[in-house]
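Report on the following structure.
Excluded from the calculations below are hydrogen atoms, water molecules and symmetry mates; all remaining heavy atoms, backbone and side chain alike, are included.
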Amino acid sequence: MNVVTMGETMVLLSAESTGFMRYADRFTAKVAGAESNVAIGLARLGHRTGWISKLGNDEFGKKILTFIRGEGVDVSEVTFDPDAATGLYFKEQISEEEMRVQYYRAGSAASRLTPDDVNESYVAQADFLHLSGITPALSASCYETMLHAIRAAKQHGVKVVFDPNLRRKLWSEEEARNALLDLSGRADIVLPGLDEGDFLFGSREPETLARRFHELGAATVVVKLGEQGAYYSADQESGTVDAFKVPRVVDPVGAGDGFAAGLLSGLLDQLPLAKAVRRGAAVGAIVTMVHGDVEGLPDKERLVSFMSSENGEDVKR
């Protein structure tokens, strides 16, 4: 197994019409979750991935499991909870420029994850364990489950990758700050955005943010800069990778997960860090051109074509 991820995946219901959701009478159902997005993105690029989670024993849960398994992700460590529902969220496209999201995930099956749901031997076989800051916000038991998974990874030499992925609506600012700082300090690789860096350290300066995350204990820090690309820092190496230009951003949701998948793909392919970050930027850019969290995630052929058309670079090494 190359990468194991763990976290909640929900069914996304998107209104087919533009405007306030109160006027919508038709919705499209899709599957979306930060960690499973990363697993799917890596699977499409030819890597072996697994996903740990809980789903409600309902039709939405079965839809999610069938979809993710169909994308080539191992779901053998996913369980069904007969007493809790699968989480849902709704996407409301108010106008071409404005979108809102509403979550219905309180008390969901995934929020009932416990350390007993983590098979240590399953984590031990991976090269990377990918986690996000969404999971600990779901419940105290989810936080403990993350800590248990991290301890298992560390014990077996598995590198921990942490995306703070701040969701302010899920918990208080104090809880979020304390937990995200704690988890960042336990990770080998941290992937913050500028908003998360500002929230945690009161700065939007990439070099400062990288230094602060290094001080917590992270060996590698990649700060996502949106349209400005990404800043990376590790050992004696640091630099900035430019963003890829796209004709039009259709849907930015899921771009960060695409970035993580591209970056980890590059590291698994033993690319130098700068080239791995560039692959992450390419996947993130491709995702923004398509509606949905995973619909735009490229396979290797699409990725090579996109990156080569940018400036003729060799994307394999």
(request) Verify whether one side chain among E175 and S172 offers a donor that lies under 3.5 Å from an acceptor in the other. (result) yes
(request) Using the ring pair (Phe, Tyr, Trp, His ring centres under 6.0 Å) rule, collect all pairs that involve residues 25-60, keeping only residues at least two apart or in two chains. (result) F27-F90
(message) Can a donor-acceptor pair be found, under 3.5 Å and without considering hydrogens, that links the side chain of T49 to the backbone of V73?
(response) no
(message) Please find the pair of heavy atoms, one from A152 and one from E120, that lie closest to each other, and give the distance.
(response) CB-CG, 3.7 Å
(message) Once ring pair (Phe, Tyr, Trp, His ring centres under 6.0 Å) is applied, what residue pairs with a partner in residues 140-197 remain, sequence neighbours excluded?
(response) none
(request) Would you check if there is a donor-acceptor pair between the side chains of T9 and S36 at a distance under 3.5 Å? (result) yes
(request) Please confirm whether the backbone N or O of A210 pairs with a side-chain atom of S233, one donor and one acceptor, at under 3.5 Å? (result) no
Side chains of residues 123-130: which donor-acceptor pairs under 3.5 Å do they make with residues two or more places apart or in other chains?
from, atom 1, to, atom 2, distance (Å)
Q125, NE2, Y122, O, 3.3
D127, OD2, N2, ND2, 3.2

(message) Looking at R105, is its backbone amide N or carbonyl O close enough to the side chain of S108 to form a donor-acceptor pair, meaning the two atoms are under 3.5 Å apart?
(response) yes
(message) Under a 3.5 Å threshold, yes or no: a donor from one side chain and an acceptor from the other, between D58 and T86?
(response) yes
(request) Using atom types as modelled and distance alone, determine if a side-chain donor or acceptor of T66 lies under 3.5 Å from a backbone N or O of K63. (result) no
(message) Can you list everything that forms a salt bridge (Lys or Arg N to Asp or Glu O under 4.0 Å) with R212? Sequence neighbours excluded, please.
(response) E215
(request) Under the ring-ring contact (aromatic ring centres under 6.0 Å, His included) rule, collect the residues that match up with F80, sequence neighbours excluded. (result) none
(message) Any side-chain to backbone donor/acceptor pair from E196 onto G193? Under 3.5 Å, distance only.
(response) yes
(message) With a 6.0 Å cut-off on the ring centroids, do F244 and F306 count as close?
(response) yes
(request) Take M6 and E35, measure what side chain to side chain contact (heavy atoms under 4.5 Å, CB included) needs, and give me the verdict at the end. (result) CA-CA 6 Å; M6 181 179 75; E35 299 81 8; 5.8 Å; no
(request) Go through the side-chain N and O atoms of T18 and Q93 and say whether any donor and acceptor fall under 3.5 Å apart. (result) no
(message) Regarding D182 and R186, does a basic nitrogen lie under 4.0 Å from an acidic carboxylate oxygen?
(response) yes
(message) Please check this pair: side chain of K91 against backbone of L13, looking for a donor-acceptor N/O pair closer than 3.5 Å.
(response) no
(message) Any salt bridge linking R69 with D74? Criterion: basic side-chain nitrogen under 4.0 Å from a carboxylate oxygen.
(response) no
(request) For K154, check salt bridge (Lys or Arg N to Asp or Glu O under 4.0 Å) against everything at least two apart and list the hits. (result) D188
(message) Counting C-beta onward and ignoring hydrogens, is there a side-chain heavy-atom pair between L263 and L191 closer than 4.5 Å?
(response) yes
(message) Under 4.0 Å between a side-chain nitrogen and a carboxylate oxygen: does that hold for D195 and R204?
(response) yes
(message) With no hydrogens and no angle check, just 3.5 Å: does a side-chain donor-acceptor pair link R279 and S265?
(response) yes
(message) So that I can tick it off, tell me whether D299 and R44 are bridged by a salt bridge, with the cut-off set at under 4.0 angstrom between side-chain N and carboxylate O.
(response) no
(request) Using atom types as modelled and distance alone, determine if a side-chain donor or acceptor of N119 lies under 3.5 Å from a backbone N or O of S121. (result) yes
(request) Kindly indicate whether the side chain of S141, heavy atoms from C-beta on, has any atom under 4.5 Å from the side chain of R112. (result) no
(message) When you group the ILVMFWY residues by side-chain heavy-atom contacts below 4.5 Å and let the links chain together, are L264 and L183 in the same group?
(response) no
(message) Looking at S132 and A34, would you say the former's side chain and the latter's main chain have a donor-acceptor pair under 3.5 Å?
(response) no
(request) Kindly indicate, with the supporting measurements, whether the criterion side chain to side chain contact (heavy atoms under 4.5 Å, CB included) is fulfilled by V38 and V161. (result) CA-CA 11 Å; V38 174; V161 183; over 6 Å; no
(request) Measure from the side-chain N and O atoms of D163 to the backbone N and O of N165, and report whether any donor-acceptor pair falls under 3.5 Å. (result) yes
(message) If I take atom CE from residue M1 and atom CZ from residue R48, how far apart are they, to the nearest 0.5 angstrom?
(response) 6.5 Å
